[in-house]
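Lettering of chains follows the sequences in order, A, B, ..., and the numbering in each one begins at 1. Predicted, not measured: the structure shown is a model, and the values here were computed from it. Basis for what follows: all heavy atoms, side chains included, without hydrogens, waters or symmetry-related copies.
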There are 2 protein chains.
Amino acid sequence: MKKRQILETAGDLFTRFGIRRVTIEEVCAKANVSKGTFYKHFSNKNDLVMALLNMIMEGAMAEYRNIMAGTLPFKDKVKRMIRMKMERTGGMSREFLMDIIESGPPEAVAYYKEQAAATIAAITGDFIAAQQRGDIRRTIKPEFILYFFNHMIEMVQDPKLDELYATPGEMINELTNFFFYGVMPEEGYSSEFQHGDAEKEEHADHA
Amino acid sequence: MKKRQILETAGDLFTRFGIRRVTIEEVCAKANVSKGTFYKHFSNKNDLVMALLNMIMEGAMAEYRNIMAGTLPFKDKVKRMIRMKMERTGGMSREFLMDIIESGPPEAVAYYKEQAAATIAAITGDFIAAQQRGDIRRTIKPEFILYFFNHMIEMVQDPKLDELYATPGEMINELTNFFFYGVMPEEGYSSEFQHGDAEKEEHADHA
DNA sequence: TATATTTTATACGAAATTCGTCAAATGAAA
DNA sequence: TTTCATTTGACGAATTTCGTATAAAATATA
């Protein structure tokens, strides 16, 4: 029962301030738990981060499935998905994600990518089905969607792409933004993003 | 010109994460300034905090005077004041204030109290004038308003009052809330605060 | 009650971070 | 050129944080 307290307060502090700014002792103090009991439940800070990340990713996946299982029109589902992905990066704050990707433990980064890939796979399936129903632009090749998702993880690790952005988080945002906003047929969500000329390029296949 | 960059980014980071969570080197990095230039403009972290605190307090005071100088009805002015004081605690974030009061340098705490007292004095004058114009409840004694403000700083330092709250910040909120909401004749802003029985007490004079 | 388990409080050395200073190098302006 | 502001990198000192260990206190269980 103390474990839950620790997870909750740690989640709160991590989402508000990021990981590196929050101390184990701080978590213990705010959770009204002694340091001894903390190390009885978690071997170290990374362990805590992993547990939290796991909870969050599973929660995000559950929320996603919940949205897609509803009766809303597809466009509204996508809107909700986008909002979910944007506001919190799928359940976790910017600071949290940043800390994990930029300075977090490699295991956490790996796990995040793995889970992100799984989510992406699920999304891909849903989008293909949606296209078959005519809910998204028909002129986009399903192969491209597959290609895009299949290579998204690699793209994240590609130095060529990486050097275009100040932080990995920026790049990830750009990729997800591109997917959602570049895929939708109409109703630009504009303002926050600048679109390049999308006429000439169609299916970059040189990778 | 580098000094301004430092102050801006420091203000941003401090209001988002508080003081103790932010590193000098972090400020330098995000402000695109080397550590050397930082220490050319500020002798240390406390110095930076003081400069920032000074800016913020003066800004808050200026904003206050700006509100009061307008042509709005008094009640609306007070509403705006309250919103200003509430959302940001007079220009600075919760985290910032907390860090200053709970773990900040004594000079900063002293300065804050001093400035707060000055603000309070200005507010007192405005409220007395308002009462004379009939804009606030006439049944409240002007002496009480004066008493309340004159002793507000002392109350903050009074252990008797202090032990009633988890953090000093809470107490300060309570005091300011009491003043504004207890003073207004009608239109309860309710919800966020629980009111005690205000009928029996009228002018506690035992201090 | 007695006993076992959990939690707390505290101290501690080791590791890591942060601080503040400095010297050498860069670059722009007078 | 000289001057001045800035950057870079390194450095030891100070501080913080980590993770462990211990005994006392609290809580549960028999």
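- Here the C1' atom of nucleotide dT22(D) and the OH atom of Y39(A) are 17 Å apart, to the nearest Å.
- The closest side-chain heavy-atom distance from R4(B) to E8(B) is below 4.5 Å.
- Of the side-chain N and O atoms in T37(B), one or more sit less than 4.0 angstrom from OP1 or OP2 of dT7(D).
- Atom pair K45(A):NZ and dT16(D):P shows a separation of 16 Å (rounding to whole Å applied).
- The backbone N or O of M68(B) sits less than 3.5 Å from a side-chain atom of K77(B), completing a donor-acceptor pair.
- You'll find that the side chain of K35(A) is closest to dC18(D), out of dC18(D), dT6(D), dT7(C).
- At the heavy-atom level, K40(A) lies under 4.0 Å from base atoms of the strands shown.
- The cationic atom of K45(A) (NZ for Lys, CZ for Arg) does not lie both less than 6.0 Å from the six-membered ring centre of F38(A) and within 45° of the ring axis.
- Looking at which nucleotide of DNA chain C each of V33(A) and R20(A) is closest to, the 5′-most match is held by V33(A).
- dG20(C) atom C1' lies 10 Å from atom CD of E25(B), rounded to whole Å.
- The side chain of I24(A) approaches dG19(D) more closely than any other nucleotide in the set dG19(D), dG20(C), dT8(D).
- Side chains of K2(A) and Q5(A) form a contact here, defined as non-hydrogen atoms less than 4.5 Å apart.
- In this structure, D47(A) atom CG and dT20(D) atom C1' are separated by 16 Å, rounded to whole Å.
- What separates CZ of F38(B) from C1' of dT8(D) is a distance of 18 Å, to the nearest Å.
- Taking the side chain of T23(B) as heavy atoms from C-beta on, and the options dT7(D), dT21(C), dT18(C), the nearest nucleotide is dT18(C).
- Residue R21(B) contributes atom CZ, which lies 15 Å from atom P of dT16(D) at whole-angstrom precision.
- Atom NE2 of H41(B) is separated from atom C1' of dC4(D) by 12 Å (rounded to the nearest Å).
- Note: NZ (K2(A)) to C1' (dA9(C)) measures 13 Å, nearest angstrom.
- Within the nucleic acid shown, N32(A) comes within 4.0 Å of sugar-phosphate atoms alone, with no base atom in reach, counting heavy atoms only.
- A donor-acceptor contact shorter than 3.5 Å is absent between the side chain of D47(B) and the backbone of F42(B).
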